[in-house]
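Letters go in sequence order (proteins before strands), and every chain restarts at 1. All values reported here derive from a predicted model rather than from experimental measurement.
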Amino acid sequence: MADMQVKIAGVPFANPLIGASGTVGFGREYAEFYPLSRLGGISCKGITLQERPGNPPPRIAETPAGMLNSVGLQNPGVEHFVAEDLPWLKQQGTVVIANIAGSTPEDYCAMAERLNSTAVDMVELNISCPNVKQGGVQFGVTCQGVESITAKVRKHCTKPLMVKLSPNVADIAENAAAAEAAGADAVSLINTLTGMRIDIHTRRPILKNNTGGLSGPAVFPVAVRMVWQAAQRVKIPVVGLGGISSWQDAVEMMLAGASAFQVGTAFFTDPYAPVKILKGLEKYLNTNHIKSAAKLTGGVRPW
Amino acid sequence: MKYDTEVCRILERRQLTPDTFRLRVSAPKLAPMAKPGQFAQVLVPGMALRRPISICKIEPEALCFVVQVRGEGTRRLSLLQPQDQVDLLAPLGNGFPLAGDSGRHAVFVGGGIGVPPLLGAAAAFSGRCSAVLGFRSASAVILTDEFAHAGCQVQVATDDGSFGVHGLVTDILKTISFDVCYACGPLPMLRAVAALCRERKTPCWISMEQRMACGIGACLGCAVELCRADGSHYYGHVCKDGPVFSADQVVL
């Protein structure tokens, strides 16, 4: 039997599948379907220092092979997370990653400080949310921005630190390198691609925020390409995400250079998608006599 | 377990109007879990998002849905035939609060495709109920016989006067007395119904709709603006906090 365990930034995961931030909430809804210990880890809904109301509805639009969202980081704030969600999550037997967002570098640093003394296993720096004016993506679009915010947070963060990168940039490998240089322990990519849909009858954008973030199978090839580019550039682990909906996608993402992968929108199509992906991945490893999932990482043979 | 997925076989498909049809599906696992007013997320093969469809009728081992063709997803669902299979995630949402109300006279106010979710609740009132149903025209009228069969006195309003009363459901609602109101339909209708109930100080429950992704409260996509007791507003979610809300609770 193949060994499914992987290690990211020193943190051991039972398997390489992580629930992507913003799609699995704080885990409770999916715990109705299966024990969360089946998942390698969960990246929690993006949290901010203070509670955020989120954007006005409609927040969801469907697209060919994907969806747009403009939720806008609606969350109960870090204190609520620490008091109410984290203790429950820690009992579920999965790695808990806190995805943090802020309006200023000071916000991010304060969040990191607050989480140092908690049971969070890892911090994911969200500098790539496209749906809020303040907080998120403005720190993540330039190399200088990525390097500066990562370096600042690194000083305050004693937890393993993963930086989640935006695909809405000129060269994602440069940004991955900037995060690495500033002390990130890992990078995760991609966040959503900025998109838009318009109702042709009302001539109004479907989303009240006008634009939103595109996710789902539609973005998968973009994510594979970016993970491949980033993985060649940095030595720290790359966690790949963006449109993974089958075990074949997961294998492909790992071959592109991912040490682990996150599953997001696929939870909405099929709540059991993660379980099916892991089963398929394990079978693929066994059938092909590959001893461990980790051996897939970067196994692509480019022309 | 509150909800789960089940691959359900279509038992029956009936065309109700040119753009609506009724599906009865075998759901031995999900049907016993369901309450009136809840909904299902229906998987459309090849599409990323499921379609939230209200549960119209609950049988011991089957569920009925009325689907209106609105876009590509519902168009594909409309092609399903008996013996075909469909993957459901259900039962979702809170459903109608019926326990304290079943001895009172209820009115069900439905507009268009807002009519089906009310049918399941009507059965709980064993004859002490009225249904006031509104449609665009005679060709869009659905489920009147079913509401009558559930013991409701049924009155219909159409926009063009081609069936029942020429006018709005609220024109009819004003003429009848009731202890509690359950409503589902377009926003302007819900506003008018809620206003009338507020005037009469009658409890009013409304079932809301929103574009949705997960259906269970994880993605926070289906936001709806709600009021706190202190008057401030916040975003709740149709899938988990609803789809049924007290009319006073929602910013309509």
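When all heavy atoms of B/L49 and A/I60 are compared, the closest pair comes out as CD1-CG2, 3.8 Å. Nearest heavy atom pair, residue A/A65 against residue B/A48, reads C-CB, 4.2 Å. Across every non-hydrogen atom of A/E29 and B/G217, the tightest pair is OE2-O, 3.5 Å. Nearest heavy atoms, A/V24 versus B/A218: C-CB, 4.0 Å. The shortest heavy-atom contact between B/Y3 and A/E32 is OH-CG, 3.4 Å. Between A/Q74 and B/Y235, the shortest heavy-atom distance links the atoms NE2-O, 3.0 Å.
Salt bridge status for B/R51 with A/E62: present, with a side-chain N to carboxylate O gap under 4.0 Å.
Between the B/R211 side chain and the A/P58 main chain, no donor and acceptor come within less than 3.5 Å of each other. For A/R59 (side chain) and B/C222 (main-chain N/O), no donor-acceptor pair under 3.5 Å exists by modelled atom type.
Both the backbone and the side chain of A/P56 come within contact range of chain B, each with at least one heavy atom under 4.5 Å from a heavy atom of that chain. Contact annotation for B/L43: only side-chain heavy atoms (C-beta onward) come within less than 4.5 Å of a heavy atom of chain A. Only the side chain of B/L89 comes within less than 4.5 Å of a heavy atom in chain A; its backbone stays farther off. Contact annotation for A/F33: both backbone and side-chain heavy atoms come within less than 4.5 Å of a heavy atom of chain B. Residue A/F26: no heavy atom, backbone or side chain, is found under 4.5 Å from chain B.
Of the residues considered (B/H233, B/E72, B/H237), B/H237 shows the highest number of contacts with chain A, using heavy-atom pairs under 4.5 Å. In terms of non-hydrogen atom pairs under 4.5 Å with chain B, the most contact-rich of A/A61, A/P57, A/P53 is A/P57.
The number of heavy-atom neighbours closer than 6.0 Å to NZ of B/K240, taken from other residues, nucleotides and ligands shown, is above 12. A 6.0 Å sphere centred on NZ of A/K279 holds no more than 12 heavy atoms belonging to other residues, nucleotides or ligands. More than 12 heavy-atom neighbours from other residues, nucleotides or ligands sit within 6.0 angstrom of CZ on A/R28. Within 6.0 Å of atom NZ in B/K29, more than 12 heavy atoms from other residues, nucleotides or ligands are found, so the atom counts as buried in its surroundings. Heavy atoms from other residues, nucleotides or ligands lying under 6.0 Å from CZ of B/R136 number 12 at most. Around CZ of B/R228, the count of heavy atoms belonging to other residues, nucleotides or ligands within 6.0 Å exceeds 12. Summarising the local packing, CD of B/E225 is surrounded by more than 12 heavy atoms from other residues, nucleotides or ligands at distances under 6.0 Å. Annotation: A/I200, atom CD1; neighbour count of heavy atoms from other residues, nucleotides and ligands within 6.0 Å does not exceed 12.
Here A/F268 contributes atom CZ and B/Q41 contributes atom CD; the two are 10.5 Å apart, rounded to the nearest 0.5 Å. Put simply, CG on A/D270 and CG on B/D87 are 6.5 Å apart, with the number rounded to the nearest 0.5 Å.
A 4.5 Å side-chain heavy-atom check between B/R50 and A/T269 finds every atom pair outside the cut-off. In this structure, B/T5 and A/P271 have side chains that are in contact, with non-hydrogen atoms separated by less than 4.5 Å.
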